[in-house]
**Student:** 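This structure is in structure tokens; I'll ask about it shortly.
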Amino acid sequence: MNKNILLLRTLLRSTSQRNKYKYCKDKKKRRMIRASFVGYALVYLVIMAYCIATCIGYGNIGIIDSAPVVCALMLCTIAFFFTLFKTNGYLFNFKEYDMLMSLPFETKTVAACKFMYMVIKSLPWYISISVAMMIGYGIYAKPAFYVYPLWLILSMIVPVVPTLLATFFGFIIAKLTAGFRKRNILQTVVIFAFMILCFAARPLLEDMFKNNKVEQVLTSMSDATEQAAGVILPAKWFSDAVTKTDVVSILLLVGISAVLFALVFLIIGSSYRKINSAMKNHAAAKKFRMTEQKQRSVLSTIAYKEFKRFTGSSVYMVNVGIGEVLAALIGLVTLILGFDRLIGLVTGNAPFDHAVVIPAIPFIVYFCLGMMATTAASPSLEGKNYWIVQSLPIEMKTLYQGKMLFNMYLTVPFMALSTLCMSISARVSVLDMFLYLILGFVLCTFSTTWGCACGVKHMKLEWENEIEVVKQGAAVAVYLFPNMLLCLACGALTVYLGMKMDHRLVMLIMIAGFAGLAALSYRRVLSLVRAKGKKN
């Protein structure tokens with residue numbers, strides 16, 4: 001068998017949930033796998049519904065020909081950012097590196113197979129978007145029968161180029177930072193800086209178009225997508241191949257993807273061993289000086305240990321820290337631009353009184369901070385070292401209290417900064433600002449305790465890659481969706497009730513409600529810890 005196929009098949013089998021379900025005898029694990037299948041199926045259905053609704057809107061206003069371009073742009077965007085977040089965990093610094101490199105495979109073969117593994121793991125996302133957009137396009141455009149298989153095949157090739165670009169960008173970051181002692185922090189800063197530049201480019205482009213600084217001003221959605229396709233060439237090739245059956249576009253899409261694939265992994269293969277070896281080595285200080293040892297409480301020590309674990313993984317830092325960075329950016333941007341102007345930009349200058357949105361400031365901030373709690377992933381991140389944690393001379397309750405304390409240390413300062421900036425910009429009273437800060441603190445407490453309850457309940461200690469826990473773990477999924485839905489619902493309810501009654505009374509109700517939910521979640525954590533202690 002071809003070595004690439006053999007290695008790729010082995011990687012997929014070793015991490016396949018379906019394979020685990022087939023051979024696992026533990027009823028609890030089988031139940032969790034079934035629940036994860038149902039959860040992901042619901043997410044994919046929601047994505048498909050959104051894509052079909054988008055096509056219906058395009059069809060009703062007569063721009064259905066833009067659907068292929070939009071489909072390709074969505075695939076390119078998702079592929080780029082998904083890969084950007086996963087490269088450091090899947091391609092570099094992965095746990096099974098020593099085992100794989102001891103096998104009779106070339107370095108570039110291992111790197112290429114890990115890349116294909118990333119692409120295949122993301123295929124369900126691509127398929128859900130592609131199939132839904134194809135259905136919507138078929139309803140209105142009624143293309144020839146051969147367009148459907150052509151659409152499906154090419155839509156799986158479209159993400160290859162952006163995935164390769166993100167992989168190469170991750171390779172450059174890894175190569176530049178591999179020799180630094182604090183390389184994980186440096187990699188995270190570079191990724192965050194790149195993301196901020198991407199978000200900052202949007203208003204600059206809008207200003208350029210509004211001031212007629214280019215030849216053609218974008219006047220419709222169709223023009224906008226065509227303009228984007230002119231920059232993102234895979235989207236243009238896909239659109240021409242589907243709508244015009246352009247053979248040249250098909251050959252360009254397939255050929256360029258293959259050539260870039262070979263070129264990128266020829267470059268990566270030359271430095272692959274060196275980068276991974278540097279990442280697995282720890283720099284030692286040339287000068288060592290004995291200083292006075294600091295004494296900390298048990299809880300502070302555990303929180304500091306969680307901080308070191310947090311800063312020791314760029315995957316963990318990026319996925320958890322993105323919420324804190326966004327909250328701080330939103331607060332600072334609001335302080336600079338003004339609350340009314342920011343709400344106007346978000347709502348498209350819709351004609352309504354922006355003051356009604358002011359009571360929702362704590363939920364706007366929490367929507368960013370609550371995207372991910374460290375407590376949802378940290379129990380599973382103990383992994384194979386969990387037995388060491390169990391052998392420590394401390395109660396398990398104290399251990400999880402320390403984990404929750406670190407999440408509070410991480411989220412509360414950013415919450416206070418963003419809330420104060422938005423409150424000052426909105427010119428709220430001191431009493432209202434105080435209530436917003438209290439509600440924000442209670443929301444952070446709820447996020448911490450609810451995340452810890454999910455993390456302990458759905459603990460996954462058998463994993464080979466941190467991404468399996470941080471991005472794909474059942475605990476993170478169970479934490480995320482109810483938390484975000486509750487945040488959106490309570491934010492909308494706060495705005496509605498604020499127009500009917502005194503908004504300060506609404507704040508007190510929300511504070512009491514989320515304090516009660518936080519208390520219930522904390523009690524749930526303690527009961528789960530006691531149950532696991534008895535079981536062990």
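One is the number of the first residue; the rest follow in order along the sequence. Just so you know, these numbers use all the heavy atoms, side chains as well, and skip hydrogens, waters and symmetry mates. As the structure is a prediction and not an experimental result, all values here were calculated from the model.
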**Student:** Quick one: salt bridge (Lys or Arg N to Asp or Glu O under 4.0 Å) partners of Arg523, sequence neighbours excluded?
**Tutor:**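 Checked Arg523 against salt bridge (Lys or Arg N to Asp or Glu O under 4.0 Å); zero matches.
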
**Student:** Can you find a heavy atom in the side chain of Tyr304 that is under 4.5 Å from one in the side chain of Phe406?
**Tutor:**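 Side chain of Tyr304 against side chain of Phe406, heavy atoms only: no contact under 4.5 Å found.
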
**Student:** Supply the atom-to-atom distance Phe514 CZ to Thr445 OG1, rounded to the nearest 0.5 angstrom.
**Tutor:**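 So the gap between those two atoms works out to 11.5 Å.
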
**Student:** For a quick test of reading the model, state the closest non-hydrogen atom pair linking Pro362 to Met507 and the distance between them.
**Tutor:**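 Smallest heavy-atom distance, with atoms named: CG-SD, 4.5 Å.
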
**Student:** Is the shortest side-chain heavy-atom distance between Ser429 and Phe434 below 4.5 Å?
**Tutor:**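 Result no, sub-4.5 Å side-chain heavy-atom pair not found.
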
**Student:** Taking all non-hydrogen atoms of both residues, which atom of Cys421 and which atom of Gly331 are closest, and how far apart?
**Tutor:**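 Looks like CB-O, 3.1 Å.
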
**Student:** Side chains of Leu480 and Met372, heavy atoms from C-beta outward: is any pair under 4.5 Å?
**Tutor:**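 Contact flag for Leu480/Met372 side chains = no.
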
**Student:** Just jot down the salt bridge (Lys or Arg N to Asp or Glu O under 4.0 Å) partners of Arg427, sequence neighbours excluded, or say none.
**Tutor:**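 Testing Arg427 for salt bridge (Lys or Arg N to Asp or Glu O under 4.0 Å), a comparison that skips the adjacent residues, returns none.
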
**Student:** Say you draw a straight line from CE of Met404 to OG of Ser447; how long is it, rounded to the nearest 0.5 Å?
**Tutor:**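 The CE atom of Met404 sits 12.0 Å away from the OG atom of Ser447.
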
**Student:** For Glu395 and Tyr400, run side chain to side chain donor-acceptor pair (under 3.5 Å): C-alpha distance rounded to whole Å, both residues' side-chain angles, the deciding distance at 0.1 Å, then the answer.
**Tutor:** CA-CA 9 Å; Glu395 296 183 14; Tyr400 290 107; over 6 Å; no

**Student:** Distance check, rounded to the nearest 0.5 Å: Cys452 atom SG versus Lys403 atom NZ?
**Tutor:**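 Spacing of SG (Cys452) from NZ (Lys403) equals 8.0 Å.
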
**Student:** Starting from the C-alpha separation in whole Å, work towards a yes-or-no answer on side chain to side chain donor-acceptor pair (under 3.5 Å) for Asn407 and Thr374.
**Tutor:** CA-CA 6 Å; Asn407 193 70; Thr374 59; 3.0 Å; yes

**Student:** Rounded to the nearest 0.5 Å, how far apart are CG of Leu488 and CZ of Phe367?
**Tutor:**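 Here the rounded value is 5.0 Å.
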
**Student:** Show the nearest heavy-atom pair for residues Leu405 and Ala303, with the distance to one decimal.
**Tutor:**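 Leu405 and Ala303 have their closest heavy atoms at CD2-CB, 4.1 Å.
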
**Student:** Ser418 side chain to Met415 main-chain N or O, any donor-acceptor pair under 3.5 Å?
**Tutor:**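 Such a contact is absent between Ser418 side chain and Met415 backbone.
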
**Student:** Can you name the one residue among Leu443, Leu505, Leu493, Val442 that meets side-chain contact (heavy atoms from CB on, under 4.5 Å) with Met510?
**Tutor:**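 Answer after filtering Leu443, Leu505, Leu493, Val442: Leu493.
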
**Student:** Compare every heavy atom of Phe363 with every heavy atom of Cys487, then report the nearest pair and how far apart it is.
**Tutor:**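 Smallest heavy-atom distance, with atoms named: SG-O, 3.5 Å.
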
**Student:** Roughly how far, to the nearest 0.5 Å, is OG1 of Thr449 from CG of Leu520?
**Tutor:**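 Going from CG on Leu520 over to OG1 on Thr449, the span is 9.0 Å.
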
**Student:** Quick check: does any side chain N or O of Ser128 sit under 3.5 Å from a backbone N or O of Ile47, one acting as donor and the other as acceptor?
**Tutor:**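 Not a single qualifying donor-acceptor pair exists.
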
**Student:** For Gly455 and Ala475, which heavy atoms make the closest approach, and how far apart are they?
**Tutor:**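 Taking Gly455 first and Ala475 second, the nearest heavy atoms are CA-CB, 3.8 Å.
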
**Student:** Heavy atoms only: give me the nearest Ala360-Thr494 pair and the separation to one decimal.
**Tutor:**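 The pair with the smallest heavy-atom distance is N-CG2, 4.4 Å.
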
**Student:** To the nearest 0.5 Å, what is the distance between SG (Cys490) and CG (Leu497)?
**Tutor:**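 Going from SG on Cys490 over to CG on Leu497, the span is 10.0 Å.
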
**Student:** Side chain of Ser130, backbone of Tyr126: donor and acceptor closer than 3.5 Å?
**Tutor:**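 Pair absent, no side-chain N/O of Ser130 close to backbone of Tyr126.
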
**Student:** Is it true that a side-chain atom of Trp125 and a backbone atom of Ile78 form a donor plus acceptor pair closer than 3.5 Å?
**Tutor:**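 Judged by distance alone, no pair lies under 3.5 Å.
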
**Student:** Counting N and O atoms only, with roles assigned by atom type, does the side chain of Asn483 sit under 3.5 Å from a partner on the main chain of Gly370, one being a donor and the other an acceptor?
**Tutor:**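 A pair under 3.5 Å: yes.
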
**Student:** Can you spot which of Thr334, Leu335, Ile358 makes a side-chain contact (heavy atoms from CB on, under 4.5 Å) with Met422?
**Tutor:**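 Result for side-chain contact (heavy atoms from CB on, under 4.5 Å) with Met422: Thr334.
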
